[in-house]
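All values reported here derive from a predicted model rather than from experimental measurement. Heavy-atom basis, side chains included; hydrogens, waters and symmetry copies ignored. First listed ligand is number 1; within each ligand, the first listed atom is number 1.
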Amino acid sequence: MSAGPRTRVAILISGRGSNMVSLIEAAKAPDYPAEIVLVLSNRPEAGGLAHARSVGIPAHAIDHTTFSDRATFDAALDAELRAAGVELVCLAGFMRIFSAGFAEAWAGRMINIHPSLLPLFKGTHTHAQALAAGVRLHGCTVHYVVPELDAGPIVAQAAVPVRSGDDPDSLAARVIVQEHRLYPAALALVAGGRARLEGERVVIDDDRGAADAALLSL
Ligand code: GAR
């Protein structure tokens with residue numbers, strides 16, 4: 001994605017959508033390289049849908065429970081994204097696994113935020129996983145989505161300390177603050193064409209971009 005017209009972005013959510021809000025806020029800046037044109041949720045009750053609508057962004061649910069199988073749901077999602085002219089998809093707490101076909105169709109055009117320093121602690125309960133492993137640093141990662149869960153090329157990471165006395169909730173509270181900094185920075189890099197895929201890795205051309213992609217909050 002090159003500089004010029006803003007990249008048309010859809011955000012996919014399943015819940016409260018606090019990362020979605022951080023992306024929407026960032027995209028209000030006139031020089032931000034992406035515009036949020038659509039918010040979709042697989043859950044009708046997702047709190048983030050109302051927020052998106054309140055700021056004038058088309059937002060609705062595609063309820064996965066009404067589809068007979070994963071591929072049919074993914075096809076409906078794909079059709080909505082194409083109809084809206086979406087160029088890049090941001091997963092923001094979207095808690096549903098895609099069929100390989102969907103992930104391949106959007107390969108290189110779909111990113112996700114995951115609450116751990118990948119490749120550590122894939123899947124769910126990442127904060128409990130980090131505490132159980134005894135790591136001193138934890139954090140979050142923005143990565144390209146590939147068919148394998150939480151395994152795609154890494155765009156950006158933010159690290160936080162693990163403090164004595166932390167439990168999964170206190171650690172999650174520290175990480176989510178960094179998620180809200182990291183995701184807008186990572187989307188700006190991708191949409192602005194400053195981070196690009198080269199095989200299995202993401203290359204960032206400039207030092208300032210590299211700094212935006214590696215946040216520390218110690
Ligand atoms: C965030 O912590 C995000 O990293 C995580 O879900 C939360 C969603 O919060 N995503 C995953 O675990 C994806 N596997 P939000 O709805 O407030 O953005």
Side-chain angles (χ1 to χ4, degrees), residues 9-27 34 36 38-55 57 59-62 64 70 74 77 88-100 102-103 106 110-133 135 137-160 162 166-187 190 213 215 217:
V9 169
I11 305 175
L12 271 49
I13 63 172
S14 296
R16 67 187 165 176
S18 72
N19 277 291
M20 174 207 76
V21 171
S22 74
L23 296 177
I24 289 172
E25 289 299 311
I36 314 303
L38 180 65
V39 171
L40 296 174
S41 169
N42 65 310
R43 294 184 183 279
E45 69 277 16
L49 288 173
H51 177 92
R53 283 188 208 115
S54 77
V55 294
I57 297 171
H60 62 270
I62 304 177
H64 70 270
R70 197 175 295 281
D74 285 358
L77 201 56
L88 181 70
V89 176
C90 289
L91 307 184
F94 187 71
M95 303 305 274
R96 201 169 158 76
I97 292 169
F98 294 120
S99 57
F102 182 90
W106 287 88
M110 180 156 62
I111 58 178
N112 177 48
I113 189 157
H114 179 79
S116 78
L117 293 174
L118 289 172
L120 292 173
F121 314 135
K122 297 176 179 180
T124 55
H125 306 294
T126 55
H127 310 303
Q129 289 190 54
L131 289 171
V135 294
L137 289 169
H138 183 46
C140 51
T141 302
V142 175
H143 64 95
Y144 279 95
V145 175
V146 296
E148 189 187 338
L149 187 67
D150 301 331
I154 290 170
V155 178
Q157 293 187 299
V160 304
V162 178
D166 264 337
D167 60 19
D169 287 343
S170 63
L171 199 46
R174 198 171 305 124
V175 171
I176 196 84
V177 172
Q178 300 309 313
E179 293 189 43
H180 297 161
R181 294 176 65 208
L182 188 71
Y183 212 173
L187 174 57
V190 170
L215 304 183
S217 171

**Request:** Apply side chain to side chain contact (heavy atoms under 4.5 Å, CB included) to His114 and Thr126, showing your working.
**Result:** CA-CA 9 Å; His114 179 79; Thr126 55; 3.4 Å; yes
**Request:** Report the residues that fulfil salt bridge (Lys or Arg N to Asp or Glu O under 4.0 Å) with Asp166, sequence neighbours left out, ordered by chain and then residue number.
**Result:**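 In terms of salt bridge (Lys or Arg N to Asp or Glu O under 4.0 Å), with neighbours along the sequence ignored, Asp166 is linked to Arg174.
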**Request:** Using atom types as modelled and distance alone, determine if a side-chain donor or acceptor of Ser217 lies under 3.5 Å from a backbone N or O of Val160.
**Result:**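 Judged by distance alone, no pair lies under 3.5 Å.
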**Message:** Could you check whether any side-chain N or O of Thr141 sits under 3.5 Å from a backbone N or O of His143, counting only pairs where one atom can act as donor and the other as acceptor?
**Reply:** no
**Message:** I'd like to know if the side chain of His138 pairs up with that of His127 as donor and acceptor (distance under 3.5 Å, no hydrogens or angles considered).
**Reply:**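 Indeed, the side chains of His138 and His127 share at least one donor-acceptor pair under 3.5 Å.
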**Prompt:** If you measure only the distance, is there a donor-acceptor pair under 3.5 Å linking the side chains of Ser18 and His180?
**Reply:** yes
**Request:** For ligand 1, list the protein residues that place a heavy atom within a distance below 4.0 Å of one of its atoms, sorted by chain and number.
**Result:** Arg16, Gly17, Ser18, Asn19, Gly93, Met95, Ile113, His114, Pro115, Ile176, Glu179
